[in-house]
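Here's the structure we're looking at; comments come further down.
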There are 2 protein chains.
Amino acid sequence: MSIAEAASAKRSRIQQKNRGAILEAALEVFSVHGFRGSTIDQIAERAGMSKPNLLYYFPSKEAIYVSVLERTLAEWLAPLEALDPAGDPLEEIGRYVAAKLRMAHRKPEASRLFANEILSGAPAIAGFLTGPLKSLVDEKAAVLRGWMDAGALTPIDPHHLIFMIWAVTQHYADFDIQVRAVLGHPAGDDRRFADAGRTVAAVLFEGLRPRP
Amino acid sequence: MSIAEAASAKRSRIQQKNRGAILEAALEVFSVHGFRGSTIDQIAERAGMSKPNLLYYFPSKEAIYVSVLERTLAEWLAPLEALDPAGDPLEEIGRYVAAKLRMAHRKPEASRLFANEILSGAPAIAGFLTGPLKSLVDEKAAVLRGWMDAGALTPIDPHHLIFMIWAVTQHYADFDIQVRAVLGHPAGDDRRFADAGRTVAAVLFEGLRPRP
DNA sequence: GCCAAACTTGACTGGCTGGTCAAAATGCAG
DNA sequence: CTGCATTTTGACCAGCCAGTCAAGTTTGGC
């Protein structure tokens, strides 16, 4: 019903504020424990409200989960969408890697939410993976392939190149605890992101084989 | 008590078989849902026994979890331990990447168990990360550094090179569903692992910049 | 074949969790 | 200030879950 939709789309200040607080709290909780391991009480407490009140804004735990996933997926794809066929190949790839690494640094919860969802079998986003995500990746893989055909990039499998970039950048969000533990970096020390950026760029652009 | 330990170490055929079945089932369940999201009933059913019987072999859910984690961590480190300072650098790294990719293919549950544990804050293996894991990585990073100093490898941060290799190889275990969805590969099709191996090797050894 | 030890299980408990409901508190237009 | 709609919450329920227990069945040494 269009009237009902219009009414629900226009939300009061209180609705706006509380729905935002809930989604923010839900991201923090779901990203650590996954869907099954999280409880509505945890989310309610982090959002600073009672459980029944939270359920006044969202009909169920699953509805919260889907909402926060959707909100996250959109911003997750933005950097890849920005890959410009008209740009310089190495420059574009470098920009993409840097953007993903920046996201891993600034909003690791988003990456972890996604990782948890995939690890548990992607029950909520199977259609997204085979639909919009596959389409976007296929499109950008074609762009990479074009650059390779033009001799501007080493010819390799473009899909797997994208996977490599995802893997390396998201690793610094998803496995941050391990990275910090192995490096021996204390909590406030953020050097690892800059170091990672330099290392990844060096390997991608030049490889490990030394040049004379 | 040494007598008690000796007695418990020597296990009957039934103990051997059932403990093995439990650990195997626990790996399958924990690797998908994480610790909090898994139930003893799920594990018992997969292991083909009743819940009380399972609790006859392990005192608690946490004890099962720790056991299966420990068993997994050991085999997880083996390939890195095998990195030989006396070998040819590029050959050794290639062997390591291939070994990790083979593990991602043949036993993805192990990688996923580990990923779930890290994502949820590594409550059970914090000491392992800062202890044995850090020591091993530091040792092998020194080996890499030695090769770089000798001019046999492009000089980059060796710790982050190891992270890159972990990230790229484990991605094909942890995110397999996403990889398959994006590639459009059906269930029985295992091409992606060979393709990944070629692509990763090409990038690591030669980089993306084309050579004349 | 006997019997004690090892193994197995149905029935149960107490605490937690997703979700409901009715009543109370608050916000707000006139 | 009044009256209605929105928001908030304490109390509650049904189902699930880790773990217990007492009573049963099987195994294996003799």
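Scope of the values below: all heavy atoms of this structure, side chains included, with no hydrogens, waters or symmetry mates.
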N/O-N/O pairs, protein side and nucleotides 27-30 of chain C side, under 3.5 Å:
{"from": "C:dC28", "atom 1": "OP1", "to": "A:Arg13", "atom 2": "NH2", "distance (Å)": "3.3"}

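Between the CE atom of B:Met49 and the P atom of C:dA6 there is a distance of 18 Å, given to the nearest Å. If you take CD1 of B:Ile43 and P of D:dA18, they are 8 Å apart, rounded to a whole angstrom.
Note on B:Leu55: a base of the nucleic acid sits closer than 4.0 angstrom, heavy atoms only. In this structure, A:Tyr57 reaches the sugar-phosphate backbone alone: every heavy-atom distance under 4.0 Å involves primed, P, OP1 or OP2 atoms, never a base.
Side-chain atoms of A:Lys61 do not come within 3.5 Å of backbone N or O of A:Thr39 as any donor-acceptor pair.
Between A:His159 and A:Asp138, the side chains place a donor N or O and an acceptor N or O closer than 3.5 Å (distance only, hydrogens not considered).
Cation-pi geometry between B:Arg19 and B:Phe58 is met: the NZ or CZ atom falls under 6.0 Å from the ring centre, inside 45° of the normal.
One N or O donor and one acceptor, one from the side chain of A:Lys51 and one from the base of C:dG18, sit under 3.5 Å apart.
Using a cutoff of 4.0 Å between basic side-chain nitrogens and carboxylate oxygens, A:Arg112 and A:Glu109 are not scored as salt-bridged.
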Stepwise salt bridge (charged side-chain N to carboxylate O under 4.0 Å, His left out) test for A:Arg192 and A:Asp195: CA-CA 5 Å; A:Arg192 61 194 180 283; A:Asp195 291 345; over 6 Å; no
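When side chains are defined from C-beta on, B:Val200 does not count as touching B:Ile165, because their heavy atoms never get closer than 4.5 Å.
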